[in-house]
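Scroll down for the structure; my scribbles are underneath it.
Convention: sequence-line order gives letters A, B, ...; per-chain numbering from 1.
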Amino acid sequence: MALSISEVALLLEQEYGSPVGWWSAETPFEVAVGAILTQRTSWANVESSIDALKREGLLTPSRLVDAGGAKVEMLVRRTGFYRQKSKYLLELASYVQDEYGGDLLNMSRRPQYQLREELLKLRGVGPETADSILLYALSMPSFVVDAYTTRFLARLGLDLGQGYDSIKQSFESAFENDSARLSKAHALIVIHCKSRCRTIPVCNGCPLLCSCRLEAEQKE
DNA sequence: ACCCAGGCGTTCT
DNA sequence: AGAACGCATGGG
């Protein structure tokens with residue numbers, strides 16, 4: 001008998017507690033910028049670039065657009081792919097500026113599915129980045145499926161179907177579209193993978209995985 | 001000197 | 001529809 005998503009989430013919470021301020025930012029726009037910058041990049045470098053943007057006072061759509069590509073390229077250089085990411089950030093900024101009066105929170109007035117389609121049309125915004133913005137910038141119930149999540153599920157032997165959307169839907173159903181529970185679960189998975197298991201396919205020394213196996217055996 | 005990091009878009013088969 | 005590849009820097 002395999003563990004359910006809720007049971008796994010409970011075990012994670014028992015192991016690591018309830019994450020507070022895991023994706024902290026001063027503004028929703030800062031979250032969105034971070035979501036772009038973190039693509040294939042460690043978070044430490046993202047923070048460095050975000051701080052650089054902050055120091056220049058550019059962490060708002062209008063200021064970012066005014067600064068221009070060359071300036072932004074220099075500031076986000078540390079996150080890698082800096083020419084692409086600079087373009088992506090400017091496109092995002094223009095979009096928020098033009099469609100939402102420069103305030104990302106104004107997006108909240110439109111339905112989630114529609115926003116997701118809009119975000120996916122932006123260059124540099126794929127499923128994971130779009131869901132990160134919806135979940136962490138707008139507090140909408142949109143689960144983020146990242147490399148950590150797929151590795152974690154595979155290691156656990158928890159089959160939620162194939163493909164991004166299947167896994168995403170599984171979590172959203174399990175948590176009844178509760179954004180607080182969805183963000184907590186995602187954060188806990190990342191915390192767990194970073195702190196103990198990282199890239200090891202089958203981590204025998206992982207306390208959580210061991211306790212999961214014990215639980216699973218007790219159910220049979 | 002590798003290998004990986006909280007992807008995405010383009011360009012092939 | 002899916003695989004392969006480019007993007008580019010920083011840290012272990």
| message | Distance check needed: B:dG7 P versus A:I133 CD1, whole Å only. | response | 14 Å
| Side-chain N,O (A:R83) to OP1/OP2 (C:dA8) below 4.0 Å | yes
| Between C:dA8 (P) and A:K87 (NZ): distance, integer Å | 8 Å
| task | Kindly say whether A:V145 contributes a backbone atom to a donor-acceptor pair with the side chain of A:Y164 at under 3.5 angstrom? | result | yes
| query | Using a cut-off of 4.0 Å on non-hydrogen atoms, how would the nucleic acid contact of A:V144 be classed: base, sugar-phosphate, or nothing? | reply | nothing
| request: Give a yes or no answer on whether the side chain of A:S18 reaches the backbone of A:E13 with a donor-acceptor pair at less than 3.5 Å. | output: no
| said: At a heavy-atom distance below 4.0 Å, what parts of residues 23-38 of chain A sit against DNA chain B? | reply: A:W23, A:T38
| said: Determine whether A:F152 and A:V190 satisfy the following criterion, side-chain contact (heavy atoms from CB on, under 4.5 Å), listing intermediate values before the conclusion. | reply: CA-CA 9 Å; A:F152 177 68; A:V190 176; over 6 Å; no
| task | Report the residue (A:S132 or A:V125) whose heavy-atom-nearest nucleotide on DNA chain B is the more 5′ of the two. | result | A:S132
| query | Is it true that A:E56 and A:R63 make a salt bridge, defined as a side-chain N closer than 4.0 Å to a carboxylate O? | reply | no
| query | Taking the side chain from A:Q39 and the backbone from A:G124, do they hold a donor-acceptor pair closer than 3.5 Å? | reply | yes
| field | Rounded distance in Å between the P positions of C:dA8 and B:dA1 | value | 23 Å
| task | Compute the ring centroids of A:Y136 and A:H186, then answer whether they are less than 6.0 Å apart. | result | yes
| message | Measure CH2/A:W43 against C1'/B:dG7 and give the value in whole Å, please. | response | 14 Å
| request: Would you kindly give the CZ-to-P distance between A:F81 and B:dC4, to the nearest whole Å? | output: 14 Å
| said: Taking the nucleotide of DNA chain C with the nearest heavy atom to each, does A:T41 or A:A44 sit closer to the 5' end? | reply: A:T41
| field | Side-chain N,O (A:R151) to OP1/OP2 (B:dA5) below 4.0 Å | value | yes
| said: What's the closest nucleotide to the side chain of A:E128 if the choices are C:dC7, B:dA5, B:dC8? | reply: B:dC8
| request: Return the value, rounded to whole Å, for the distance between atom CD of A:E73 and atom P of C:dC7. | output: 14 Å
| said: Of the options B:dC8, C:dC7, B:dG9, whose atoms approach the side-chain atoms of A:Q84 most closely? | reply: C:dC7
| Interatomic distance, A:E47 CD vs C:dG11 P [rounded to whole Å] | 13 Å
| field | Below 4.0 Å: OP1/OP2 of C:dG10 and any side-chain N or O of A:R78 | value | yes
| note | note: A:L120, atom CG; B:dG7, atom P; distance rounded to Å ~ 16 Å
| field | Among A:I167, A:D178, A:I5, A:L182, side-chain contact (heavy atoms from CB on, under 4.5 Å) partner for A:E172 | value | A:L182
| said: Using the C1' atom as the point on both nucleotides, what is the distance between B:dG9 and C:dG10, in whole Å? | reply: 23 Å
| said: I'd like to know whether A:T149 forms a side chain to side chain donor-acceptor pair (under 3.5 Å) with A:D146, so could you lay out the CA-CA distance, the side-chain angles of the two residues, the decisive distance to 0.1 Å, and finally the verdict. | reply: CA-CA 5 Å; A:T149 306; A:D146 56 20; 2.8 Å; yes
| Whole-Å distance separating the CG atom of A:N45 from the P atom of C:dC7 | 20 Å
| task | Describe the nucleic acid contact of A:T79 in one word from base, sugar-phosphate, nothing, applying a heavy-atom distance below 4.0 Å. | result | nothing
